Amino acid sequence: MGLVIALNKGRIFKECLPLLADCQIEPDGDPNVSRKLIFGSRTGGHKLIITRSADVLTYVENGVADIGITGKDTILEYGSTMGFYEMLDMGIGRCKMMTAGPVGVVEPEGVLRVATKFVNITRAYYQKRGRQVAVIKLSGAMEIAPLLGLSDTIVDIVDTGNTLKANGLEARDTLCDISTRLIVNRASMKTKFVAVQALIQNLERVVRL
Ligand code: PRP
């Protein structure tokens with residue numbers, strides 16, 4: 001039975017393609033060339049949907065996609081976990097969610113101004129520590145917020161640390177480890193059990209943890 005698989009645009013998609021190909025799931029066109037956002041698969045009757053990270057969850061939670069492949073950061077930030085099961089760490093997209101601030105600058109006492117696009121993760125983190133914060137929502141390029149005086153600190157994804165360094169920031173505390181995860185719609189887990197299990201077992205053989 002064919003599965004509908006929703007994937008994150010960009011880096012996750014590129015890193016996933018070889019893993020899916022090892023499981024005989026290959027798009028019936030070249031996603032690097034084509035502007036198409038829905039591909040069939042050469043074999044198996046699967047469908048690949050390419051979309052934004054948070055929308056991967058929306059498609060899976062609503063049962064439009066059986067499978068979603070996206071970052072743990074997105075799942076923690078936007079996932080209700082009501083509509084899907086997180087089934088597999090794909091072993092790719094490894095990075096950390098961290099706080100960061102200007103090199104050598106001590107965080108102020110009192111209310112800390114934190115810029116981030118991960119507002120839910122950030123609020124939960126500081127609440128647990130009993131630290132009062134004003135969370136400032138940004139859509140990206142968080143690194144410039146402390147430089148321009150918008151915030152004292154940021155919460156963002158750190159991989160190589162190059163972006164922080166290039167903007168005069170230093171990493172401070174780690175909120176959590178991130179990697180790419182495979183999620184399954186709850187109903188699909190029952191109605192398409194054999195196909196879902198087969199995909200997960202095939203992927204388990206090819207992912208490098
Ligand atoms: C992410 C993140 C940082 C950067 C960290 O941004 O938000 O800006 O990567 O990587 P580094 O530690 O290797 O420098 P991304 O390029 O994914 O774009 P985004 O801002 O749209 O999330």
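First listed ligand is number 1; within each ligand, the first listed atom is number 1. Please read all numbers here as calculations on a predicted model, not as lab measurements.
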Derivation of the salt bridge (Lys or Arg N to Asp or Glu O under 4.0 Å) call for Lys96 and Asp177: CA-CA 5 Å; Lys96 287 180 187 299; Asp177 291 322; 2.6 Å; yes
Does atom 14 (O) of ligand 1 have any protein heavy atom closer than 4.0 Å? yes
Give a yes or no on whether atom 17 (O) of ligand 1 lies under 4.0 Å from any heavy atom of the protein. yes
Using heavy-atom distances only, which candidate in Met97, Lys117, Lys96, Arg11 approaches atom 22 (O) of ligand 1 most closely? Lys117
Hey, are Lys72 and Glu86 close enough for a salt bridge, meaning a charged N less than 4.0 Å from a carboxylate O? yes
When you compare the side chain of Val133 with that of Gln127, does any pair of heavy atoms fall below 4.5 Å? no
Looking only at heavy atoms of Lys165, does any of them come nearer than 4.0 Å to an atom of ligand 1? no
I'd like to check which ligand 1 atoms, numbered from 1 as shown, lie under 4.0 Å from a non-hydrogen atom of Asp156. 2 (C), 3 (C), 7 (O), 8 (O)
Please report which non-hydrogen protein atom sits nearest to [atom], along with the residue it belongs to and the distance in Å to one decimal place.
atom                    : answer
atom 8 (O) of ligand 1  : Glu143 OE2, 2.8 Å
atom 11 (P) of ligand 1 : Thr160 OG1, 3.3 Å
atom 5 (C) of ligand 1  : Ile157 O, 3.4 Å

Would you say Met142 and ligand 1 have an N/O pair spaced under 3.5 Å apart? no
Pairs under 3.5 angstrom only: tabulate donor-acceptor contacts from the side chains of residues 7-18 to other protein residues two or more places apart or in another chain.
| unit_1 | atom_1 | unit_2 | atom_2 | d |
| --- | --- | --- | --- | --- |
| Asn8 | OD1 | Thr70 | OG1 | 2.6 |
| Arg11 | NH1 | Asp159 | OD2 | 3.4 |

